[in-house]
Amino acid sequence: MDKIAVERKWNELWQKSQVYKFDKKNVDNKYYVLEMFSYPSGSKLHVGHWYNYGLTDSFARYQIMKGKNVFQPMGFDAFGLPAENYAIKTGVHPQDSTLHNIEVMETQLKNIGAMFDWDHEIKTCLPEYYRWTQWIFAELYKHGLAYRKKAPVNWCPSCNTVLANEQVVDGHCERCDSQVVKKDLTQWFFKITDYAEELLDGLDGLDWPEKTKAMQRNWIGKSQGGEIVFDLADGSGSFKVFTTRADTLFGCTYVVLAPEHELVEKITLPEHRAEVNAYIEEVAKTNEIERLSTAKEKTGVFTGAYAVNPINGDKVQVWIGDYVLNSYGTGAVMGVPSHDARDYLFAKKHGLTIKRVIKGATADVDDSLPFCDYGVMCNSGEFDGLISEQGKLAVVQKLAEKGKGELKTNYRLRDWLVSRQRYWGAPIPIIYCPHCGEVLDENLPVTLPYDVEFRPDGTSPLAKHRKFIHDVVCPKCGAPATRDPDTLDTFVCSSWYYLRYPDAHNSDKPFDTEWIDKMLPVDKYVGGAEHACMHLLYARFITKALRDMGYLHFDEPFKSLVHQGVILGPDGNRMSKTHGNVVSPDDYVNVYGADVFRCYLAFGFRYIEGGPWSDDGIKAINKWLDRVERYVTAAYGDYAVTDKTGRDEKELNRVRNATIKAVDADYPSFSFNTAVARMMELVNALSKYDALPVKNANLYRATADDLLKLLCPLAPHFCEELWQQTGHSGSIVVSAFPVCDERALQAEETEILVQINSRPKVRLTVDATLPKQELQEFVLADESVKQAIGGSPVKNVIVIPGRLVNIIV
RNA sequence: GCUGGUGUGGUGGAAUGGCAGACGCGUCGGACUCAAAAUCCGAUGUUGGUGACAACAUGUGGGUUCAAGUCCCACCACCAGCACCA
């Protein structure tokens with residue numbers, strides 16, 4: 001068979017007959033399969049795309065054959081930084097390059113032979129989509145979930161531009177190598193932290209990999225402790241620290257503020273100012289990863305100020321240190337050198353007091369300092385003798401009575417910063433009016449202008465687009481106003497696209513609430529594990545926020561999640577241009593066809609593991625499909641079948657049904673490699689039968705039919721062609737998946753293993769229906785078993801019916 | 001550093017606590033052929049033995065069990081994620 005010609009033929013016929021069109025009337029039986037949509041990159045589809053889309057399509061095709069009404073859409077996450085960088089480099093407008101890339105990728109995606117419903121294609125960079133991204137911003141704003149505050153950005157003083165983390169290499173600008181500094185800008189945030197608790201709780205009910213759930217739990221990072229108020233010693237103000245170890249408060253001998261803490265400027269004494277300012281400037285140059293690195297020495301400087309430990313009135317020094325982050329907790333920590341390893345090092349280095357307040361619970365505990373485990377309080381006045389677990393509550397309670405503390409749950413999760421000082425994104429629908437302040441622009445879409453200047457010169461392309469910024473009046477009072485010059489993080493675009501798909505071109509609404517409640521949640525979501533914390537968390541947040549606004553009536557967007565593994569380059573590295581190890585599927589698809597390539601990807605890897613690329617064995621898959629063709633064709637010659645091995649047809653029927661059973665379990669669990677292996681076994685079984693010119697070949701033909709159906713999800717064109725060639729009517733791709741006949745699996749006789757003292761000794765063929773007791777008697781009566789035992793007394797016999805008998809002598 | 005994962009022949013990988021290595025690749029041998037390709041058949045964990053067979057084998061060392069790749073403990077290596085989380 002000329003596989004490539006056949007693929008072209010069926011691809012066209014399927015498009016024409018709209019065999020994959022989602023049946024809107026049959027929603028009760030819907031099955032929503034979604035692969036994370038593509039970024040329209042300038043390089044073509046790589047092997048990883050095929051691995052994700054091709055094999056998930058096989059899963060979707062399996063669901064169709066199991067009678068589901070499958071909805072499987074495709075689209076493009078089309079905004080983003082690379083297109084803008086490309087524009088700066090080449091002058092090609094992001095819109096032009098992006099739309100062109102999409103066109104190329106659409107053609108390539110169609111070659112996979114996936115049953116995407118292109119009628120509902122999404123391109124996030126089109127106004128028909130991003131107007132609703134802006135609508136989401138507007139709704140969050142109206143419900144108090146979008147707000148502005150100052151936040152630092154990476155700033156390259158030489159390029160005069162904001163850099164993404166990705167563009168900062170070792171603290172330097174990737175373009176000009178200048179030292180990158182932090183700069184505060186007022187930016188928009190989404191209040192994802194309002195949902196921290198629910199995002200955490202909701203994980204329990206999800207059919208997601210445990211690994212991913214664990215990562216989200218860590219990311220949300222719930223911790224329970226106390227918030228404690230420290231007054232400044234001169235009475236000029238106060239600040240709070242968060243701690244999970246309030247039981248160690250008596251050992252607090254200093255406090256450390258983040259260098260960015262708002263109080264630093266105010267409290268620093270004149271004689272310390274120079275040192276403090278120099279330190280702050282130095283910290284602005286480092287990124288968070290450097291600041292928090294364990295390998296780095298803990299640095300800090302004294303501000304000259306003192307605060308009062310609220311539990312015992314001690315005067316403690318106020319320091320600043322880069323290991324304290326302004327974005328976590330209260331931006332201030334108490335220093336307890338005796339019971340915290342980090343504080344211990346810090347205190348040793350700077351000569352600060354170390355005071356034990358916890359001792360080991362029992363004498364055998366090594367409680368030499370720093371002693372960081374729970375223990376018993378000491379040197380803590382009225383609290384002496386309390387164990388840490390009780391002590392940390394008691395201390396906070398005592399402080400609460402004086403208004404100096406409260407129990408507090410803290411989350412590591414931060415609010416979602418969505419402002420980007422970029423052009424190629426959805427404009428933020430906010431207008432600034434000199435009279436009314438910030439005003440939501442509900443006249444959507446706020447269209448992204450095409451004619452902009454990309455050359456970086458200190459302002460983003462939108463900010464210097466006079467017409468876009470200034471050609472606007474306040475919606476409230478009509479006064480001349482200005483637009484927000486920033487665009488939305490592309491994660492905002494991708495946080496709701498699964499809601500848009502089922503009705504992608506609706507121009508009245510982002511989605512129809514009644515319809516969406518029937519279509520969602522997504523039944524199977526497939527994509528890379530690298531999105532575990534960002535995209536997957538944002539999507540859950542948006543779903544919950546829209547639910548609380550009354551637009552949705554479900555809690556979670558993705559009921560079931562699968563991560564495909566990563567196909568590495570042949571050298572074992574991640575495929576990338578820099579490694580020069582990118583493998584193009586086209587080189588193989590042009591030679592062997594899409595079906596062979598899909599089957600190879602299915603067979604050669606554990607789907608969720610992935611691994612280094614190697615094309616060893618792709619020829620073998622090609623040959624195997626040729627074998628399938630030969631046996632299927634033979635079955636439909638005017639032939640019947642005799643058995644070369646001397647077994648009767650029962651054996652063929654048994655293998656046939658065993659294969660059905662196994663493959664029927666493998667597809668839904670994404671175990672494609674074993675599914676192929678089982679089908680190979682079936683073909684091997686078929687090969688044991690010779691075709692001879694007699695009639696009556698029903699079983700052989702039925703087996704061939706089943707084989708085609710089992711294989712169809714992986715090699716749809718190939719199977720459709722053979723289905724037609726063997727005279728069947730209708731399309732195999734929507735035919736019913738074979739059902740296993742359990743009766744065929746029940747053998748009358750079975751071989752069991754007899755072990756003596758757990759060592760395999762004798763094999764016996766026995767009646768498969770023998771109950772335990774009789775099986776034991778049968779085995780013990782057997783001559784060869786008696787011989788193997790050799791007269792030693794039998795102490796114990798373990799019988800596993802159908803498998804083995806273990807005789808302990 | 002913390003957390004999670006992985007570790008099985010020359011190789012990709014199979015194994016609800018029950019005969020480790022299914023199914024492939026590769027290699028070796030054979031059939032067909034003038035020859036090659038294609039196809040088909042057979043062998044293939046290691047060691048010892050002509051042999052039937054025996055011993056040893058799932059990163060290392062212990063443990064539980066009649067029975068461990070699988071469960072428990074410790075360690076080693078590699079990979080991924082997170083970065084002092086107060």
Side-chain angles (χ1 to χ4, degrees), chain A residues 209-215 217-219 221-223 225-228 241-246 248 252 255-256 258 287-298 321-325 327-336 340-343 345-346 410-414 529-530 532-533 565-566 568 572 574 600 603-606 608-621 623-624 626-627 630 662 671 673-684 687 751-761 763 795-800 802-809:
Chain A
E210 282 307 319
K211 187 174 125 182
T212 309
K213 291 203 251 183
M215 278 165 78
R217 281 191 195 103
N218 284 338
W219 190 266
K222 179 177 179 173
S223 66
E227 212 165 69
I228 297 171
V241 305
F242 175 74
T243 179
T244 53
R245 292 296 304 272
T248 65
C252 169
V255 292
V256 185
N287 64 30
E288 205 168 283
I289 291 172
E290 286 165 8
R291 272 174 75 164
L292 303 179
S293 164
T294 35
K296 195 174 145 285
E297 203 179 15
K298 317 298 171 223
D322 65 353
Y323 66 95
V324 180
L325 299 180
S327 55
Y328 180 76
T330 59
V333 302
M334 62 185 206
V336 184
D340 181 286
R342 185 191 57 201
D343 295 348
L345 290 174
F346 192 86
N410 219 350
Y411 298 92
R412 205 181 112 175
L413 183 68
R414 304 172 194 169
E530 67 273 20
C533 293
V566 180
L568 304 169
R574 214 167 243 275
Y600 180 64
F603 185 57
F605 304 86
R606 289 190 256 205
I608 57 167
E609 298 289 333
W613 173 257
S614 150
D615 57 12
D616 288 352
I618 190 164
K619 272 189 193 160
I621 292 290
K623 282 201 295 200
W624 179 65
D626 290 343
R627 274 185 92 193
R630 273 204 307 283
S671 301
N673 56 344
T674 49
V676 174
R678 296 292 90 80
M679 288 186 265
M680 285 174 168
E681 282 169 344
L682 181 57
V683 173
N684 289 344
S687 76
E751 190 187 65
I752 61 157
L753 175 75
V754 181
Q755 296 178 324
I756 312 291
N757 288 340
S758 306
R759 311 287 282 176
K761 288 291 175 192
R763 275 158 230 284
K795 276 202 247 163
N796 190 14
V797 183
I798 290 113
V799 183
I800 311 292
R803 286 190 180 268
L804 62 73
V805 174
N806 190 4
I807 303 164
I808 312 304
V809 299

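Throughout, a chain's letter reflects where its sequence line sits, starting with A, and its residues are numbered from 1.
The side chain to side chain donor-acceptor pair (under 3.5 Å) search around A/R412 returns none, not counting sequence neighbours. Partners of A/N684 by side chain to side chain donor-acceptor pair (under 3.5 Å), not counting sequence neighbours, listed by chain and number: A/R627. Residues that satisfy the side chain to side chain donor-acceptor pair (under 3.5 Å) test with A/W624, not counting sequence neighbours, are absent from this structure. Here A/F603 pairs with nothing under the ring-ring contact (aromatic ring centres under 6.0 Å, His included) rule; sequence neighbours left out. Annotation: side chain to side chain donor-acceptor pair (under 3.5 Å) contacts of A/R803 (sequence neighbours excluded): none. Residues meeting the ring-ring contact (aromatic ring centres under 6.0 Å, His included) test with A/Y411, sequence neighbours left out: none.
Using a 4.5 Å heavy-atom cutoff, the side chains of A/F242 and A/I228 are not in contact. In this structure, A/V754 and A/I807 have side chains that are in contact, with non-hydrogen atoms separated by less than 4.5 Å.
Along RNA chain B, the nucleotide nearest to A/A332 and the one nearest to A/K761 differ in position, and the one closer to the 5' end is contacted by A/K761.
What separates NZ of A/K795 from P of B/A67 is a distance of 12 Å, to the nearest Å. Look at CD1 on A/I756: it is 15 Å from P on B/A67, rounded to the nearest Å. Rounded to a whole Å, the CZ atom of A/R245 is 11 Å from the P atom of B/A86.
B/G7 sits 12 Å from B/A15 when the P atoms are compared, rounded to a whole Å. For B/A83 and B/C71, the P atoms lie 31 Å apart once the distance is rounded to whole Å. For the C1' atoms, the distance linking B/U70 with B/G21 amounts to 15 Å, nearest Å. Nucleotides B/U58 and B/G69 place their C1' atoms 5 Å apart, quoted to the nearest Å.
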Do any side-chain atoms of residues 674-683 of chain A form donor-acceptor pairs under 3.5 angstrom with protein atoms, and if so which ones, sequence neighbours left out?
unit_1, atom_1, unit_2, atom_2, d
A/T674, OG1, A/D666, OD1, 3.3
A/T674, OG1, A/D666, OD2, 3.1
A/T674, OG1, A/S671, O, 3.0
A/R678, NE, A/E681, OE1, 2.9

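Under the 30°/60° scheme for interplanar angles, the aromatic rings of A/F605 and A/W613 are found to lie parallel.
Put simply, CG on A/N796 and CG on A/N757 are 10.5 Å apart, with the number rounded to the nearest 0.5 Å. Here the OG1-CG distance, from A/T248 to A/D343, works out to 8.5 Å after rounding to the nearest 0.5 Å. To the nearest 0.5 Å, atoms CD (A/E227) and CG (A/N410) are separated by 7.0 Å. Taking CE from A/M334 and OG1 from A/T243, the interatomic distance works out to 3.5 Å, rounded to the nearest 0.5 Å.
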Under 4.0 Å protein heavy-atom contacts per nucleotide of nucleotides 16-26 of chain B, with B for base, S for backbone only and - for none:
B-BB--BBSS-
For each nucleotide in nucleotides 2-9 of chain B, reading 5' to 3', give B when a protein heavy atom comes within less than 4.0 Å of its base, S when such contact involves only the sugar-phosphate, and - otherwise.
-SS-----
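For RNA chain B, each stem of at least three Watson-Crick or G-U pairs (distances under 3.5 Å) is given as range with range: B:1-7 with B:76-82, B:10-12 with B:23-25, B:26-31 with B:39-44, B:45-48 with B:53-56, B:59-63 with B:71-75.
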What pairs of nitrogen or oxygen atoms, one from the protein and one from nucleotides 69-71 of chain B, lie under 3.5 Å apart?
none

Just the atom pairs and distances: protein N or O near nucleotides 42-44 of chain B's N or O, under 3.5 Å.
none

